[in-house]
There are 2 protein chains.
Amino acid sequence: MEDSYPQLALDQQICLPLYAASRAVTRRYADLLGEVSLTYPQYLCLLALWEADGPLGVGDLGTLLHLDSGTLTPLLKRMESAGLVTRARDTVDERRVLISLTDGGWRLRDRVADVPARLVEGMGMSERDGRALRDLLDRLIAELER
Amino acid sequence: MEDSYPQLALDQQICLPLYAASRAVTRRYADLLGEVSLTYPQYLCLLALWEADGPLGVGDLGTLLHLDSGTLTPLLKRMESAGLVTRARDTVDERRVLISLTDGGWRLRDRVADVPARLVEGMGMSERDGRALRDLLDRLIAELER
DNA sequence: CTGAACTCTATTGCGCACAATCAAATCGGG
DNA sequence: CCCGATTTGATTGTGCGCAATAGAGTTCAG
């Protein structure tokens, strides 16, 4: 066996579990969100808009979700086609496009209210471990996005 | 403010940091791997092949990296075009396609040997926290893939 | 007032991810 | 030996992610 590159061993990498876990969670969300024809990033946009309780610019959503306009623009257009949001130029600053929830977008809130609980249930993780994980990840993000 | 759906608050979700951290790490890898024209999943394939020290089937790679053939087939064809691997039917079981490293694929090993160290450096995470994070993620993956 | 710098979104192009489907090869019970 | 079930990889179609670029709108120094 080759041990000349121990630092390249697959099970030494922290990146692979992070990458695999993220995709595994996304797949689980896809199962839960398929019932209401939402993808996981679309669901995240709705979370942000429900919480903001008012229009958000594309850039605001990008900041909240760490996504850029190249991802968000087509995603938001699909959500507009699905009747979940409207897109309108800000009359004050016409560079901005304001995303607002439609009634249909608001209505979905009830239908996904149980999703977080159902997800956590499938993760088999204690409250304490969950907090520890979120804490480590938040620190990692802060460090990497400097 | 709306507090009727506390479980839908963005900062309560564990999914978002996981998702954002994974993409942040991938972006960092893209910076490091761009020098040798590798993408992050391609780099993971190489890690697996270097370690196996012999041909792997597409399915073997899929198991190791938690990826399926729909992702791997075109990815491996691109790596074949780049002269890093060869793809050949297994003469014993002709359903299988064996992926082997070329000399060019082996040569990259030296050129990326410092990547893990450079990544960890930018993550600003102690050895202990790194182990704790990997441990939590491994348990999460095991639970979600049941 | 004006033009250069800056901000914000859209577009393009490429590379994943993955569900669904398919076809070829292999295996296994009868 | 044969046929149905299983395994394996390829294909197709949709939806992200993101770098690079473009272009309209805004700001601000001079």
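In what follows, chains carry the letters A, B, and so on, assigned in the order in which the sequence lines appear, proteins first and then strands, with residues in each chain numbered from 1.
Under the 3.5 Å distance criterion, the side-chain polar atoms of B/Q7 are matched with a main-chain donor or acceptor of A/A113.
The shortest side-chain heavy-atom distance between A/L18 and B/L18 falls under the 4.5 Å cut-off. Residues A/L33 and A/V112 form a side-chain contact, since some pair of their non-hydrogen atoms from C-beta on lies under 4.5 Å apart. The shortest side-chain heavy-atom distance between A/L76 and A/V97 does not fall under the 4.5 Å cut-off. Contact of the A/M125 side chain with the B/E143 side chain is not registered, since no non-hydrogen atoms from C-beta on lie closer than 4.5 Å.
Residue contacts for A/L75: at a heavy-atom cut-off of 4.0 Å it reaches the sugar-phosphate backbone alone, with no base atom in range. Across all strands, B/D93 comes closer than 4.0 Å only to sugar-phosphate atoms, never to a base (heavy-atom distances). Across all strands, B/G59 comes closer than 4.0 Å only to sugar-phosphate atoms, never to a base (heavy-atom distances). If you check every strand for non-hydrogen atoms under 4.0 Å, A/T39 touches sugar and phosphate atoms only.
The residue among A/S69 and A/T91 whose nearest nucleotide of DNA chain D lies closer to the 5′ end is A/S69. Mapping A/R95 and A/L67 onto DNA chain D by nearest heavy atom places A/L67 at the nucleotide closer to the 5' end. Nearest-nucleotide positions on DNA chain C place A/P74 closer to the 5' end than the other of A/A30 and A/P74. The residue among A/G57 and B/Q42 whose nearest nucleotide of DNA chain C lies closer to the 5′ end is A/G57.
In this structure, the separation between CG on B/L49 and CG on B/L101 is 4.5 Å, given to the nearest 0.5 Å.
Distances from the side chain of B/P41 to the nucleotides C/dC16, D/dG25, C/dA25 place C/dC16 closest. You'll find that the side chain of B/R96 is closest to D/dG9, out of D/dG9, C/dA10, C/dC8. Closest approach to the A/R78 side chain among D/dC16, D/dC18, D/dA10 is made by D/dC16 (side chain taken as heavy atoms from C-beta onward). Checking D/dC18, C/dT9, C/dC18 against the side-chain heavy atoms of A/R23 singles out C/dC18 as nearest. Counting only heavy atoms from C-beta on, A/T73 has its side chain closest to C/dT9 among D/dC18, C/dA19, C/dT9.
Between A/Y40 atom OH and C/dC18 atom C1' the separation is 16 Å, expressed in whole Å. Rounded to whole Å, atom P of D/dG15 lies 12 Å from atom CG of A/L38. Taking atom CG on A/L72 and atom P on C/dT12, their separation rounds to 18 Å, with Å as the unit. The CG atom of A/L98 sits 11 Å away from the P atom of C/dA10 (whole-angstrom rounding). When rounded to the nearest whole Å, the span between CG of A/D31 and P of C/dC18 equals 12 Å. Across the protein-nucleic acid pair, B/E94 atom CD and D/dT6 atom P stand 23 Å apart, rounded to whole Å. We find that CD of B/E80 is positioned 14 Å from C1' of D/dA10, with the value rounded to whole Å. Put simply, CG on A/D68 is 12 Å from C1' on C/dC8, counting in whole angstrom units.
When the side-chain nitrogen and oxygen atoms of A/K77 are compared with OP1 and OP2 of C/dT11, one or more of them lie within a distance under 4.0 Å. For the pair A/T71 and D/dC16, the criterion of a side-chain N or O lying under 4.0 Å from OP1 or OP2 is not met.
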